[in-house]
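Scope of the values below: all heavy atoms of this structure, side chains included, with no hydrogens, waters or symmetry mates. Throughout, a chain's letter reflects where its sequence line sits, starting with A, and its residues are numbered from 1.
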There are 2 protein chains.
Amino acid sequence: MFSLAEENYLKAIFHLQQESKGGVSTNAIAEKMSTKPSSVTDMVQKLAEKKLLSYQKYKGTSLTSKGSKIAAGVIRKHRLWEVFLVDKLKFHWDEVHEIAEQLEHIQSDELVARLDRFLGEPDFDPHGDPIPDKNGNIKTTEKKLLSELDKKQRGVCVGVKETKSEFLQYLDKRNITIGTKIRVLGKEFFDGSMIIQVGRDQFFISKKIADNLYIQTS
Amino acid sequence: MFSLAEENYLKAIFHLQQESKGGVSTNAIAEKMSTKPSSVTDMVQKLAEKKLLSYQKYKGTSLTSKGSKIAAGVIRKHRLWEVFLVDKLKFHWDEVHEIAEQLEHIQSDELVARLDRFLGEPDFDPHGDPIPDKNGNIKTTEKKLLSELDKKQRGVCVGVKETKSEFLQYLDKRNITIGTKIRVLGKEFFDGSMIIQVGRDQFFISKKIADNLYIQTS
DNA sequence: AAATATATTTAGACTTGGCTAAAAATAGTA
DNA sequence: TACTATTTTTAGCCAAGTCTAAATATATTT
C-alpha cells in the first residue's frame, strides 16, 4: 500500500508530533531521518497529495488522521515485533531496535493479529512504550521523567525515552529495568544530577540519564 | 548487503538451476520473476560484475558458489519463517508463502540463528521442502513424484512441488498432507490420471495433481 | 527598518530497477 | 544453405527517492 520510505516518513513525523505538539518542521524531519531537508520537502509534498498530512510551504506539516493511523500501525508492528524478539527469541532489550525497524514494514493484517495473540496481546514493548491498538489508539500513561522528581520521592521505572544500546547497557549494569523501584536520595540543583537508590545500591546519575528514564509515581 | 531485487533474482536462478541442471536462460528467469527479459539482462550483468553468477551473452547464466550461498541463505530464511507462521502462529500451510516472501529479506544473522533454535532447528518447512543449513547446504532427499509411481505402489507424501493456495486447499479437502500414506490403485496410461487410496477413501486424481506431489517410497 | 542569519524550497542530476521498441544473435526449418 | 522464428541484448525512457547548489522565505539582530 505505502512504500517503505513513505512509512518511515510518517512514523518519524508521528514521533516528532508527540514530542513537541504542533506542526513539525522540515529540518526536524530531516535530522530524525538522517536525510537532507530538500529530500524531506519532496516527500512531504508527495504525502500531502495523498492526504496523509497537511502541508503549507514554509509552515511545517502535521499528519492527517489518515496519516496518523498509518503511522500508528507501523509503530504497533514495531513494538509487537520487539516483544517477540525479547520474550520469545530471548534477545536483550538493547539489541532489538534495528531488527524491528525492518520487521515493522511487513505487510499482513492477519500476521499482526496472530502475532498479537501469540504474544498475549501485550500493552507495552520491552522499553515500556505503549503498543497502539489495531485502530491506532495509544494508551497514554501519566508518567514523569526521573529528572522531574524531587529529593525523597520514589517511583517505578516504566519506560525509557532513549533506546540506544549504550544507554540500555548502562541501565543493565545498574540493574535498572522496567519495573525497578527507584528512590531519589539527593538532587543537585546546579547540574540536575542525582543520587538514587536502586535495591540496596545507591549511586550517582547525571541529569542526562535522569532525563531519559520514565517513572510512575504512585 | 544485497538489495531486495538482487536477492530475488538469486533465489529465482537458484530454484531454476535445481529444476533443470545447467545454465539458466534469460527468458526462464523473466518468466519466473514476472518481468521482462530485457530487465533480466540488465540485472544479470550487474550480478555477474559482483561475481555472484557467471554469464556469457546469449549463453545463459549459472550461480557462482558465492551466489548460491546467498540464495540458499534467503531460502533458509523463507522456510524457517514458514515454520514459524504455521507452527507458532497457526497459519494454514496455504497462507504463508506471501508473508514469507517478505520475511525472507530481513537482515540479521543473529535473528536467523535464534529463530532456528526457537523452532527446534527444523529440517523441513510446512510444504516438505528441506531447510538449508547455515552454510547453505541442502539435504537432498530421494523423493519421487506421485505420477512416477505405478499401480499398486505405495508411499508417504513428503512434500509438494506447487505451493499455490488452490492446490494446497485441494489437498486439504482430500486429507492429504505431509506424512499421509498414499497407495496407487490404478493408473491410466492415456492421460496419466490415477485412482489412489488415502486412508479409507479412494478417489480419482489427474496427472497434474500427481505431478505436484512428492512421495517417498520405502 | 535594514541587514544578516537560518530555514525551506526549487532546479537539475544521479542511482536503482523497471519498461518498450528495435537490433542482433542463435536456433529451427525448408 | 538460406530463410524464418525465437531468444537475447541494446538503447532510450520512466518513476522513486536521494543529493548538491542556488534561490527564496522567514527569523533574528542591530
Side-chain angles (χ1 to χ4, degrees), chain A residues 1-14 16-17 19-63 67 70-71 74 101-102 104-105 107, chain B residues 1-14 16-17 19-63 67 70-71 74 101-102 104-105 107:
Chain A
M1 194 63 177
F2 297 97
S3 75
L4 203 139
E6 288 172 333
E7 288 193 348
N8 281 333
Y9 271 95
L10 292 173
K11 187 180 53 148
I13 296 167
F14 187 96
L16 288 168
Q17 251 175 200
E19 287 166 25
S20 57
K21 301 294 174 196
V24 176
S25 77
T26 301
N27 267 8
I29 300 169
E31 176 159 13
K32 175 146 267 191
M33 308 222 20
S34 302
T35 180
K36 301 293 168 185
S38 54
S39 307
V40 174
T41 300
D42 285 349
M43 180 58 88
V44 149
Q45 290 178 343
K46 188 175 140 192
L47 294 174
E49 275 174 32
K50 296 192 179 186
K51 310 284 185 203
L52 298 171
L53 49 78
S54 58
Y55 165 69
Q56 279 179 273
K57 274 190 192 176
Y58 300 103
K59 303 289 182 184
T61 66
S62 58
L63 297 180
I70 291 160
V74 174
E101 288 283 298
Q102 299 179 61
E104 73 189 5
H105 300 291
Q107 305 280 9
Chain B
M1 194 60 177
F2 297 97
S3 73
L4 202 140
E6 288 172 334
E7 288 193 348
N8 281 332
Y9 271 95
L10 293 173
K11 186 181 53 149
I13 296 167
F14 186 96
L16 288 167
Q17 251 174 200
E19 286 167 25
S20 59
K21 299 297 172 194
V24 176
S25 77
T26 302
N27 267 7
I29 300 169
E31 178 159 12
K32 174 146 271 192
M33 308 224 17
S34 304
T35 181
K36 302 292 166 183
S38 54
S39 306
V40 173
T41 300
D42 285 349
M43 180 57 89
V44 148
Q45 290 178 342
K46 188 176 143 192
L47 294 173
E49 273 173 33
K50 295 193 179 184
K51 309 286 185 203
L52 298 171
L53 49 79
S54 58
Y55 164 70
Q56 279 179 273
K57 272 189 193 178
Y58 299 104
K59 303 289 183 186
T61 67
S62 58
L63 297 180
I70 290 159
V74 174
E101 287 283 300
Q102 299 179 62
E104 73 190 5
H105 300 291
Q107 305 280 9

Sub-4.0 Å heavy-atom contacts from residues 1-8 of chain B onto DNA chain D, ordered by number: none

side-chain contact (heavy atoms from CB on, under 4.5 Å) against A:Q102, all qualifying residues, sequence neighbours excluded: B:I106, B:Q107

Qualifying residues under side-chain hydrogen bond (donor to acceptor under 3.5 Å, both in side chains), relative to A:Q17, sequence neighbours excluded: none

Derivation and outcome, side chain to side chain contact (heavy atoms under 4.5 Å, CB included), residues B:Y55 and B:V24: CA-CA 10 Å; B:Y55 164 70; B:V24 176; over 6 Å; no

Close approaches to DNA chain C from residues 24-36 of chain B, in residue order (heavy atom, under 4.0 Å): B:T35, B:K36

B:Q45 CD - C:dG18 P separation (whole Å): 14 Å

All side-chain contact (heavy atoms from CB on, under 4.5 Å) counterparts of A:K36, not counting sequence neighbours: A:S38, A:S39

Atom pair distance, as rounded to whole Å: CG in A:D42 and C1' in C:dA13: 13 Å

Qualifying salt bridge (charged side-chain N to carboxylate O under 4.0 Å, His left out) pairs with a residue from residues 20-30 of chain A, counting only residues at least two apart or across chains: none

Contacts of type salt bridge (charged side-chain N to carboxylate O under 4.0 Å, His left out), residue B:E6, not counting sequence neighbours: B:K46, B:K50

Side chain to side chain contact (heavy atoms under 4.5 Å, CB included) assessment of A:V74 paired with A:L10: CA-CA 9 Å; A:V74 174; A:L10 292 173; over 6 Å; no

Residues that B:K11 engages under salt bridge (charged side-chain N to carboxylate O under 4.0 Å, His left out), provided they are two or more places apart: B:E101, B:E104

Output one line per pair: protein atom, nucleotide atom from nucleotides 21-26 of chain D, and distance, for all N/O pairs under 3.5 Å.
{"unit_1": "D:dA25", "atom_1": "O4'", "unit_2": "A:Y58", "atom_2": "OH", "d": "3.4"}

Euclidean distance, atom CE of residue A:M43 to atom P of C:dT10 [Å, nearest integer]: 16 Å

Residue pair B:M1, B:I70: steps toward the side chain to side chain contact (heavy atoms under 4.5 Å, CB included) verdict: CA-CA 10 Å; B:M1 194 60 177; B:I70 290 159; over 6 Å; no

Partners meeting side-chain hydrogen bond (donor to acceptor under 3.5 Å, both in side chains) with A:E31 (sequence neighbours left out): none

Side-chain N,O (B:Y9) to OP1/OP2 (C:dT16) below 4.0 Å: no

Distance below 4.0 Å between A:T41 side-chain N/O and C:dT9 OP1 or OP2: yes

Any residue meeting side-chain contact (heavy atoms from CB on, under 4.5 Å) with B:T26, in chain and number order, not counting sequence neighbours: B:P37, B:V40, B:T41

